[in-house]
Novice: 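Below are the structure tokens for one structure; questions will follow.
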Amino acid sequence: MPDYGEIRLRDGRVVALRAAAPADVPRIAELYAGLSADSFRRRFHSGRPKPVVLARLARLDVAAGTVSLVAVAPGPQDRFVAEARYVPAAEDAGELALAVLDDFQGLGLGTALLRALADHADASGLERLSAVVSLSNDTMLRLLTRRGAALTEPADECLVVCLEIATAGGMPGWPRASAGQRILVERRGWFADRRVAALRAAGHEVRQCGGPDRRSGRACPLVADGRCPLAEGADRIVTLLPGDDADCAAVTAAHQRLWPGKLTP
């Protein structure tokens with residue numbers, strides 16, 4: 001059972017990260033049961049079910065290739081305080097989810113678990129991980145945004161979005177098999193406007209990047225590091241970032257300099 005070592009949280013407590021085994025499923029179910037109603041809804045997008053359903057949610061054998069990492073607080077009876085897992089969804093991608101007990105939230109544990117999970121997925125040959133996130137889950141939105149997430153599905157009637165990160169860090173690339181043109185939309189906001197909705201309805205593969213945002217700590221890799229897999233692999237780039245923002249203007253200028261033929265006003 002791989003051990004990812006110990007991490008010290010912001011409040012001084014220490015937890016150990018390790019891969020979960022089938023024998024850990026009952027304790028993962030206990031972890032889920034220990035979440036507050038709000039935390040449970042943010043993780044599962046539903047109210048708390050009966051114990052038999054919790055046990056099924058915790059299983060590791062429902063989908064082939066499921067990987068679960070757990071954070072364990074030492075004590076007379078080691079306590080599972082957080083879990084991160086992914087399920088392979090394609091040859092090069094998977095779907096991720098995180099759960100952290102309420103009294104361990106806001107201490108850097110989610111960041112550490114996401115990093116370890118992404119490293120595991122990268123070593124296993126997956127290039128991207130996606131997550132379905134409620135717009136009420138500010139913590140998860142910030143966590144993924146700071147890692148360079150792209151919006152793959154805008155907010156729906158349930159107010160959830162789908163975000164995608166690169167397992168190796170930085171901006172994610174494109175699926176190996178894409179339908180229609182690959183269109184990068186540089187635009188802020190979780191909801192699709194008519195133009196973006198029309199591109200999706202036409203069958204194109206659309207990824208939306210909100211651009212740099214100093215408030216959230218998000219930088220543009222194209223400006224900072226000189227490359228962006230989404231922009232490099234796009235057939236078209238639609239720039240709808242605010243022109244009066246100096247950081248966003250730098251992104252638009254980089255696109256104009258490097259890929260003038262891809263730009264769509």
Side-chain angles (χ1 to χ4, degrees), residues 28-29 31-32 35-49 53-54 56-60 62-69 82-102 105 109-111 113-118 120-122 124 126-167 171-175 177-179 185 187-192 196-197 199-201 205-210 216 218 230:
I28 296 174
L31 163 65
Y32 294 165
L35 296 170
S36 68
D38 285 343
S39 292
F40 190 93
R41 187 173 297 279
R42 286 195 294 267
R43 166 62 175 86
F44 293 101
H45 310 288
S46 70
R48 195 187 313 278
V53 178
L54 279 177
R56 186 160 62 245
L57 291 172
R59 287 174 55 181
L60 304 177
V62 174
T66 295
V67 171
S68 169
L69 306 182
E83 186 224 16
R85 68 170 60 197
Y86 72 75
V87 177
E91 179 185 1
D92 57 344
E95 298 178 359
L96 74 90
L98 299 177
V100 180
L101 285 180
D102 291 57
Q105 293 177 12
L109 182 51
T111 300
L113 268 174
L114 180 61
R115 184 185 306 116
L117 191 72
H120 189 292
D122 185 37
S124 299
L126 298 183
E127 299 171 0
R128 305 178 319 283
L129 291 175
S130 63
V132 176
V133 186
S134 168
L135 292 185
S136 65
N137 192 350
D138 292 335
T139 301
M140 192 66 169
L141 291 174
R142 285 196 302 270
L143 184 62
L144 296 174
T145 297
R146 286 175 180 169
R147 195 177 167 89
L151 182 70
T152 61
E153 294 290 341
D156 60 12
E157 64 275 6
C158 296
L159 300 182
V160 298
V161 295
C162 185
L163 296 171
E164 192 171 67
I165 62 171
T167 58
M171 289 295 291
W174 295 90
S178 296
V185 177
R187 176 180 177 271
R188 290 179 176 172
W190 300 117
F191 296 87
V196 176
L199 292 171
R200 295 182 184 278
E205 194 80 50
V206 179
R207 294 292 183 272
Q208 183 172 316
C209 173
S216 65
R218 179 188 179 107
L230 278 180

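Source: prediction; values computed, not measured.
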Novice: Test of understanding: with side-chain contact (heavy atoms from CB on, under 4.5 Å), list the residues that count as partners of Val196, not counting sequence neighbours.
Specialist: Val185, Arg187, Ala192, Asp193, Arg200, Val206, Gln208
Novice: Using the test side-chain contact (heavy atoms from CB on, under 4.5 Å), find all partners of Ala58 that sit at least two apart in sequence or belong to another chain.
Specialist: Val25, Ile28, Ala29, Tyr32
Novice: Output every pair passing salt bridge (charged side-chain N to carboxylate O under 4.0 Å, His left out) with a member in residues 143-155, not counting sequence neighbours, ordered by first then second residue.
Specialist: none
Novice: With sequence neighbours excluded, what pairs up with Ala63 under the side-chain contact (heavy atoms from CB on, under 4.5 Å) test?
Specialist: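 side-chain contact (heavy atoms from CB on, under 4.5 Å) list for Ala63, sorted by chain: Thr66, Val87.
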Novice: Counting only heavy atoms not in Glu95, do more than 12 sit closer than 6.0 Å to its CD atom?
Specialist: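 No, the 6.0 Å shell around CD holds no more than 12 heavy atoms from other groups.
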Novice: For Phe40, enumerate each residue passing the ring-ring contact (aromatic ring centres under 6.0 Å, His included) test, keeping only those at least two apart in sequence or located in another chain.
Specialist: Phe44
Novice: Considering residues at least two apart in sequence or located in another chain, which fulfil the side-chain contact (heavy atoms from CB on, under 4.5 Å) criterion with Ala149?
Specialist: Leu144, Leu163, Ile165
Novice: So, does Trp174 use its side chain to make a donor-acceptor pair with the main chain of Leu230 at under 3.5 Å?
Specialist: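 Side chain of Trp174 to backbone of Leu230, a donor-acceptor pair under 3.5 Å: yes, one is there.
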Novice: Output every pair passing side-chain hydrogen bond (donor to acceptor under 3.5 Å, both in side chains) with a member in residues 128-138, not counting sequence neighbours, ordered by first then second residue.
Specialist: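 Pairs touching residues 128-138 that pass the test: Asp92-Arg128, Arg128-Glu164, Ser134-Ser136.
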Novice: Return each pair, listed once, that meets side-chain hydrogen bond (donor to acceptor under 3.5 Å, both in side chains) where at least one residue sits in residues 40-49; pairs must be two or more places apart or across chains.
Specialist: Ser39-Arg42
Novice: When you compare the side chain of Arg207 with that of Leu151, does any pair of heavy atoms fall below 4.5 Å?
Specialist: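 A side-chain contact under 4.5 Å is absent here.
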Novice: List the steps and the verdict of side-chain contact (heavy atoms from CB on, under 4.5 Å) for Trp190 and Val160.
Specialist: CA-CA 9 Å; Trp190 300 117; Val160 298; over 6 Å; no
Novice: When you look at Asp102 and Asp38, which way does the side-chain contact (heavy atoms from CB on, under 4.5 Å) test go after all the steps?
Specialist: CA-CA 9 Å; Asp102 291 57; Asp38 285 343; 5.9 Å; no
Novice: Does the side-chain contact (heavy atoms from CB on, under 4.5 Å) test come out yes or no for Leu35 and Leu101, once each step is laid out?
Specialist: CA-CA 5 Å; Leu35 296 170; Leu101 285 180; 4.2 Å; yes
Novice: Residues in side-chain hydrogen bond (donor to acceptor under 3.5 Å, both in side chains) with Ser68, at least two apart?
Specialist: Glu83
Novice: Please list, chain by chain and in numerical order, all residues satisfying salt bridge (charged side-chain N to carboxylate O under 4.0 Å, His left out) with Glu127, sequence neighbours excluded.
Specialist: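 Expected list: Arg176.
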